[in-house]
Amino acid sequence: MTTTVSRPPNGLSIPIHDAGAASISKPTLNGRQPNGDAAKEPSSERVQIIDDEKRFTAELTPQLTRWGLQDAGFDYDIVAVFGSQSTGKSTLLNRLFGTNFDVMDEAKRQQTTKGIWMCRGKGMNVMVMDVEGTDGRERGEDQDFERKSALFSLASSEVLIVNLWEHQVGLYQGANMGLLKTVFEVNLHLFGKKTADGRNQRTLLLFVIRDHIGTTPLENLQTTLTADMQKIWESLSKPPELKDRQLSDYFDLSFSALPHKVLATDKFESEILNLRKRFVDKSRDDYVFKPAYHKRIPADGVAFYMEGIWEQVQNNKDLDLPTQQELLAQFRCDEIAAAALSEFNEQAKPQRRPIETGKVVDGLGGMMKGWRSGTLARYDRDASRYHQGVYKRKRADLVKVLDSTLEPLFVGQLKNLHKLNLGGFKKALSDGMKGESYNFADVVKAAKARCEKKFLEAAQEALVEDTDWSYDEEYGLLKEEMKSVADQCRKDETKKMVNLIERNFKRQISEPVEVHLNKPSLDMWDNVLTVFRDTLEKAESAYLNKAQSPLSPLTYVYVPSNLIFVAGFNCTEEENTTSLATLRKRAWLALRAKVDEQTGELSFLGKLRTHFEERFRYDEQGVPRVWKPEDDIDSAFKKAKDHTLELIPLYSKIAPVDSSLEYTLPSDADDSLASDNTEEFDFAETLIVFSETKSLDLGNRFRKDADAYYVEAKRSTVASVAQIPYWMYGVLVVLGWNEAMLVLFNPLYFFTLLILLVSSYIIIQLGLTGPLFQVAKTVGGEVQRQVHDRLQEHFTPPPETVRARPTRSRTNSSDSEIRRRQY
C-alpha cells in the first residue's frame, strides 16, 4: 500500500511504502511545526544533524529519546545515502524506509537537501541519513562540504547507499569516482586502524543504479563498477602499515537496479519493495545489516560518536581543495579535450556503420592513425601551457578515450577480415578441386598461404602505434578454422573416394561370388574368400595411391569404368588407418550382402531343388532317367536327398577349409566415411548365414519338395505297369484279318483309304490341322443352328390353332365321356 504525507514546502507529495501510514506534516530542524500546528509522531520526526554551515547539531541526543532509541543498546542500524544532486536520493529513502525527507520540485530542478538530515525508519530501529548531493550548482566550485559529508557518512554508517544513474556508470566524475578516491584515502588514514576487539571497520557499499532500462545487464554494470572501485583502491596513497590491505578488508560491494520512476512506475514500485526486503527480512541471504558492519557503539552514545567523527573530518587537511592553478588547468584541459574529442568522433562516426555491417574498410589503419594523432596534436597545442601535472594526466585520459573508441573499429576490422578470408579460403578450395586432375594438398597449401597473406597485410595496416592492440588471437582463430575447413573437405573427398572404391568393389566381386555360390563344394567358401581378398587388396591399393603424400610421385589407378587421376590428400597415418579399416568393413558388408542375396529363402530352396534333381532325375552321364518297375527308386531318392541336405550346413556358416583365408574385421572403422551409416553389429554373427532354426526350417521345406519328386517317380512306374498286354495285339490281328483283306482287295475301299491317307499327310505337312478343325467346328455349329430353327418352325402351332385348342379339348372330353357311358 502506498500512502502520502502532507505536501512539503516544495509542493511534492512524499509516498511512503508502509501499510496504514498516516499523513504527516513537514517538521522543521528541531522537530517544531513552522505554523504552530500540533506536533506529529516522534518516530517520524527528522533532525538536521549537520547544517549547511558545517555545524553539528546539539539536538541529536534528545531526538534519539523521542525516537525511542536511547535505550536500544546495539539493537539499531545506521544507513546513509550518497550521490549527485537531483538523482532522487531523498525519494529513494522515503520509499525504502518510510521517512519524510524533502524531495525535489522537478519544475525547478534545484537543491532540496542542504547539509545532512536524519530520520528514523518507520517501524524499524534504523537511523537514516539523507546527505546533501554532490556536484550541485548552488555550491559551485566549493567541494569542501561534499568531501567532508561523504567521509562522515562513510565513517559513521553501516551501509552507504551510492545512488547513481545508469548512464553515469563508467564515468569518472559523473559517478563521483574522484570524490570516492579522496574519501577512501582519508578514511583509510583516519579510521583504517583496527578496533579494540581486533577487527577492521567494515562498511557495505550498496550501489543503487537508477533508471535501469535493461539494455546493459546488471552483471555488466556490476563488473564495471567493481573494476572502478578496485582501480581506485589500488591508486590510493596508503600508510606503510596498511599498504598490503585490500578493498575487501574494509568494504563489501553490493548492487541493485531500479527502473525509471516515471516511465515504468509499476515496475519501479515493485523493485523498491524487493529492495526494501533486504533491509527488513533477516532471513534473506542478501540482508544488508549484518553484524560485521555494526560500529558497536551503544545507541545512547551515537550522538557523541558522530560528533567526534565530524570533528576529525573538519580538522583534516587532506580534504582541502586543490590550488586555483590546478583548478584552471583541469577546467581548460577538460574543455580542450572535449573539443578535440568531439571533432575526433565526427571523423570516426562514418566508419562505424560499415564495420558493424561486416565490411572491410580499406585504409582503416591509416585513417585511425590520422584521427588519433590529429586529436592529440590539437590537445597538445592548446593544453600544454597549463599545469603540467594536470595536462599530462588529462592527456593520458584522452588517450584512453581515443583508444577505447578506436579499438572496437580495430576489433571489428579483424573479425571482418577473418570472415572475408575464411570465405575466400573455402572458395579457393572449391575452385581448386573442380578440375579432373588436382593435388588436394597443394590446393590447400596455396589457398591457405594466399588467405593468410591477405589477412596479415590488412591486420598490420589496421594497427595503431603506441597501443597494446594485437591481431595474434584473431589470426590464430583464422588458422584453426582454415585447418578445420580443410580437414572437413579432405574428409568429404576421402568419403567420396571410399564410396567410389566400394561401388567398384561390389561390381568386381558380384559375378565371381555368384558363380562360386552356385557350385557348392567343400572349398566353396575358400574360393569366395580368395576372390574377396584379391579384390580388397586392389581396392586398398587404389585408396593408398590416392591418399598418398604430395611428395610421392603421382600415379594412375585403373578402376573399371573409371580412370582416376590420383590427387595427394596428404592424409595422416591415423587417417589412413581409419579409412582402410572403414573400407575393409564396407567391403565385408558388401560381400555379406551378396551372400544374403544368393542364399535368400526362395533362392536357396531353388538351389537345393536343382541339386536334388541333378542327382535324382539324371544319371551320372547327365541323361534323364525313365523309371521302370525294376529300378531301385528308394535308394536313389535317399542318396540324392541326403547329399542335398548336406549343403545346408555348408551354406549356413562362412567357414573356409584353409584357416589362412579367415577374415577378421577391424575395430577402428569410421562409419562416417561409408556410403551409408550402419548400425553396430557383431562380426561373429555376420559369419552365420543360417541360424540353427532357419536351417531346420529349410531342411523341412526341402523334404516336402523332395517327397513330391519321389511320388511322381512312383506314379510313372505304375502307369507303365498298367499298359495293354502284348498278346492282345495278336488277338486283334486274328479277329480283324477278314475286314483288313476286304479293304485291301476292294478297289473302291482301297482307293478311298489311299485318298484319306494322302490328304492327311498333306494337311499335317502344311500345318492345316488347326484351321481345318476350326472350319469343321464352325460348319458343325451352323448346321446345328439351322436344324434347331427348322425343327422349331415345324413343331410350333399357328396362333389361331393355339386359341381354338381349348374348345376342341372340351368337346373331345365330352365325346369321350359319352362313349364311355355307352360302353
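Sequential numbering from 1 along the given sequence is applied to the chain's residues.
- Checked by atom type and distance alone, the side chain of Ser270 never pairs as donor or acceptor with a backbone atom of Asp266 at under 3.5 Å.
- A distance-only check finds a donor-acceptor pair linking the side chain of Thr223 to the backbone of Glu219 [under 3.5 Å].
- Ring geometry, Tyr391 versus Tyr379: the interplanar angle falls under 30°, so the pair is classed parallel (tilted spans 30 to 60°).
- In terms of heavy atoms, Ala539 sits closest to Ile501 at CB-CG2, 3.4 Å.
- Across Glu685 and Arg592, no two heavy atoms sit closer than the pair O-NH2, 4.5 Å.
- Note that NZ of Lys607 is 4.5 Å distant from CG of Asn518, once rounded to the nearest 0.5 Å.
- Between Trp233 and Phe251, the angle of the ring planes goes over 60°, which puts this pair in the perpendicular group of the 30/60° scheme.
- Listed for the Ser342 side chain is no donor-acceptor partner under 3.5 Å among the backbone atoms of Ala339.
- A pairwise comparison of heavy atoms in Trp469 and Leu463 identifies O-CD2, 3.7 Å as the closest pair.
- In plain terms, the two heavy atoms of Glu166 and Asp211 that are nearest each other are OE1-O, 3.2 Å.
- Taking the charged nitrogens against the carboxylate oxygens, Glu502 and Lys506 do have a contact shorter than 4.0 Å, which makes a salt bridge.
- Contacts classified as salt bridge (charged side-chain N to carboxylate O under 4.0 Å, His left out) and involving residues 449-472 (residues at least two apart or in different chains) are given here: Lys369-Glu465.
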Distance-only donor-acceptor pairs under 3.5 Å for side chains of residues 343-350, two or more places apart:
| from | atom 1 | to | atom 2 | distance (Å) |
| --- | --- | --- | --- | --- |
| Glu343 | OE1 | Arg378 | NE | 3.3 |
| Asn345 | ND2 | Leu341 | O | 3.2 |

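- Enclosure of atom CD in Glu473 is not indicated, since only 12 or fewer non-hydrogen atoms of other residues, nucleotides or ligands lie within 6.0 angstrom.
- Of all the heavy atoms in Thr535 and Val531, the pair that sits closest is OG1-O, 2.8 Å.
- With salt bridges taken as basic N to acidic carboxylate O contacts below 4.0 Å, none links Glu234 and Lys231.
- Looking at Ser603, its side chain does come within 3.5 Å of a backbone N or O of Gln598 through a donor-acceptor pair.
- Among residues at least two apart or in separate chains, side chain to side chain donor-acceptor pair (under 3.5 Å) pairs with a member in residues 411-426 are His418-Glu474, His418-Glu481.
- Residue pairs meeting the salt bridge (charged side-chain N to carboxylate O under 4.0 Å, His left out) criterion with at least one member in residues 399-411, sequence neighbours excluded: Arg372-Asp403.
- Partners of Trp371 under the ring pair (Phe, Tyr, Trp, His ring centres under 6.0 Å) rule, at least two apart in sequence or in another chain, do not exist in this structure.
- Qualifying salt bridge (charged side-chain N to carboxylate O under 4.0 Å, His left out) partners for Asp382, counting only residues two or more places apart in sequence or in other chains: none.
- In this structure, the side chains of Phe425 and Leu478 stay at 4.5 Å or more apart for every pair of heavy atoms.
- Nearest heavy-atom pair across Ile232 and Ser235 is O-OG, 2.8 Å.
- No close placement of the Phe410 and Tyr471 rings is indicated, their centers lying 6.0 Å or farther apart.
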